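The structure appears right after this line, and notes come after that.
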2 protein chains.
Amino acid sequence: MFSQACKYAIRAVLYLAVHASEGKKVGVKDIAAALDVPKYFLAKILQQLSRNNLISSTKGPSGGFFLSEKNREATLKDVVECIDGPDVFNSCILGLPICSSENPCPLHVQAFAYREGLHYQLKHQAIGDLAKRIEREEQKI
Amino acid sequence: MFSQACKYAIRAVLYLAVHASEGKKVGVKDIAAALDVPKYFLAKILQQLSRNNLISSTKGPSGGFFLSEKNREATLKDVVECIDGPDVFNSCILGLPICSSENPCPLHVQAFAYREGLHYQLKHQAIGDLAKRIEREEQKI
DNA sequence: TTAATAAGAGATTTTTTTGTCTTTTATTGT
DNA sequence: ACAATAAAAGACAAAAAAATCTCTTATTAA
C-alpha cells in the first residue's frame, strides 16, 4: 500500500504531533532513534515534508522539527500524497488504466469500498486531533 | 498493496480462467499481448504459478498454459500469496512489528477493515466462479 | 526421427527504492 | 565575531524489484 518512505513519513509526523511543538523542537537523530528508522533516509523524508509545508523546522542550535498549529490542521492524506504521489487512493488495484466505477476491474468493488474507508479517515481527521487520540489511547507509533 | 508481479499474476490467471482450458491452451506471448504486459517477466511469473500448481502447462507445439478444473477451485488469495508471500494480508500498514488488534497502531482499525474486506473476497471466491462473473459482466482484465 | 515449437531454468541487465555520506547554509548562545 | 549546532542539499552506494536474454528440455506433428 504505502512505500517504506511513506510509512516513515506518517510515523514521523505523528511522532512530532505527539512529542514536539513550537517550543520543543526535535532533531532527526532523536526521531530516528525513537522510531527505530534509518537516520539519513528519514532526514530526506523530513526535508520533503518541510518543503511542502507539512512540517516545520529551524536550523541551528536548539533547532529541529516540529508541527505548527497550521501543520496540525493538515491530514495524513496530505502527508501520504506528498511522499507517494496523488494517485495512491485512486489507482486501480490491478494497475489497469481504464478501471473506474463505470468500467470496473474484477476487484474494483471490494478494493474501492474498503480503501475508501481508509482514505476517508486519513482525509477527514486533522493530524492534531489524531495525535490527541494517540495520547489518549496510548498507541505506539 | 500488490507488487507489479502480483498484479500481472492475478490478471494472467483470470485471463486463463476466461480464455483457456485443457483443450485450448494459450502461450505466454498471447497472454502478454492480450494483457499488454512484459513478455519475459510474465513468463517468470507463470513459471512460479505453475511450480505451485496454481496453473497448468504443457511444453511443445500446441502446448501452453491453461487452468485445470482443480486449478479453478483455487482462489486469488492463493495466487497472491504465491507471488507476494504469506504476509500481504497480515502485516501492519505502518510496518510496525508489534501492531495487532490488542496493540493497534493509529491506523490499524481502518487498515484492517480495508484489507480484511478484500482478503475475504479473494479467499472465498473460487477462480472458476470469478471467471464466470467476469464473462457475465464483460469486465476488462 | 527430426525440425519446429513452447515452457523451464539460469544468468544478466535495468530501473526503482532505500539507505548513507559529505558539504553547505542558517541560527544561536557565548 | 565566532564556535557549535542542526537542517538543507547534493552526490553516492546498496538492495530490491522489474524486465530481458540465452540456453535447455520436453513434446508434437510431419
Side-chain angles (χ1 to χ4, degrees), chain A residues 1-12 16 20 22-33 35-68 71 80 82-85 87-88 94-95, chain B residues 1-12 16 20 22-33 35-68 71 80 82-85 87-88 94-95:
Chain A
M1 176 94 233
F2 302 137
S3 70
Q4 196 59 54
C6 189
K7 294 176 189 174
Y8 294 161
I10 293 172
R11 295 176 61 204
L16 289 174
E22 179 87 49
K24 194 198 169 200
K25 290 153 196 170
V26 184
V28 211
K29 202 149 36 72
D30 296 331
I31 307 175
L35 303 182
D36 190 26
V37 146
K39 180 171 61 171
Y40 293 120
F41 190 33
L42 181 61
K44 286 293 167 200
I45 296 164
L46 294 177
Q47 265 177 47
Q48 191 173 341
L49 292 171
S50 182
R51 272 198 299 272
N52 286 274
N53 304 307
L54 290 168
I55 67 179
S56 304
S57 70
T58 61
K59 294 183 180 181
S62 85
F65 294 93
F66 65 99
L67 299 194
S68 66
N71 292 151
V80 167
C82 176
I83 304 294
D84 277 353
D87 293 335
V88 200
L94 295 182
Chain B
M1 176 93 232
F2 302 137
S3 69
Q4 196 60 55
C6 189
K7 294 176 188 173
Y8 293 160
I10 294 173
R11 294 175 62 203
L16 289 173
E22 178 87 48
K24 194 196 169 200
K25 291 153 195 169
V26 184
V28 211
K29 202 150 37 72
D30 296 330
I31 308 175
L35 303 182
D36 190 26
V37 146
K39 182 172 59 171
Y40 292 121
F41 190 33
L42 181 62
K44 286 293 166 201
I45 296 165
L46 294 176
Q47 267 178 45
Q48 192 173 340
L49 292 171
S50 182
R51 272 198 299 271
N52 287 274
N53 304 307
L54 290 169
I55 67 178
S56 305
S57 69
T58 60
K59 292 184 180 181
S62 85
F65 295 93
F66 65 99
L67 299 194
S68 66
N71 292 151
V80 168
C82 176
I83 303 295
D84 277 355
D87 292 337
V88 200
L94 294 182

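Values in this document were obtained by computation on a predicted structure and should not be read as measured data. Within every chain, numbering begins at 1; the chains are lettered A, B, ... in the order of the sequence lines, protein sequences first and strands thereafter.
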Scanning both residues in full, the closest heavy-atom pair of Leu16(A) with Phe65(A) reads CD2-O, 3.7 Å
Protein-nucleotides 16-18 of chain D N/O pairs under 3.5 Å:
from    : atom 1 : to      : atom 2 : distance (Å)
dA18(D) : OP1    : Gln4(B) : N      : 2.9

Just how far, in rounded Å, is C1' of dA19(D) from NZ of Lys29(B)? 19 Å
Gap separating the CD1 atom of Ile83(A) from the CG atom of Asn52(A), nearest 0.5 angstrom: 7.5 Å
Before you tell me yes or no, could you show the steps for Phe2(B) and Ile10(B) under side-chain contact (heavy atoms from CB on, under 4.5 Å), namely the whole-Å CA-CA distance, both residues' side-chain angles and the distance that decides it to 0.1 Å? CA-CA 10 Å; Phe2(B) 302 137; Ile10(B) 294 173; 3.9 Å; yes
For Pro61(A), check side-chain contact (heavy atoms from CB on, under 4.5 Å) against everything at least two apart and list the hits. none
Whether the side chain of Arg11(A) engages the backbone of Leu94(B) through a donor-acceptor N/O pair (distance < 3.5 Å, no angle test) should be reported. no
State whether Phe66(B) and Lys25(B) meet the cation-pi test: NZ (Lys) or CZ (Arg) under 6.0 Å from the six-membered ring centroid, and within 45° of the perpendicular axis. yes
Just jot down the side-chain contact (heavy atoms from CB on, under 4.5 Å) partners of Asn71(B), sequence neighbours excluded, or say none. Ser56(B), Leu67(B), Ser68(B)
Using side-chain heavy atoms (C-beta onward) and a distance below 4.5 Å, is Val37(A) in contact with Lys7(A)? no
Tell me: NZ of Lys7(B) to C1' of dA19(D), nearest whole Å? 16 Å
On DNA chain C, more 5' by nearest nucleotide between Val28(B) and Gly60(A) is Val28(B)
Drop me the distance from Lys24(A)'s NZ to Ser62(A)'s OG, to the nearest 0.5 angstrom. 14.0 Å
Numerically ordered, the residues 43-59 of chain B set in heavy-atom contact under 4.0 Å with DNA chain D is Lys44(B), Lys59(B)
Please output the side-chain donor-acceptor pairs of residues 38-50 of chain B that fall under 3.5 Å, not counting sequence neighbours, one pair per line with the distance.
from     : atom 1 : to       : atom 2 : distance (Å)
Gln48(B) : NE2    : Cys82(B) : O      : 3.0

Please identify the 5'-most and 3'-most nucleotides of DNA chain C with any atom under 4.0 angstrom from a heavy atom of chain B. dA4(C) to dA11(C)
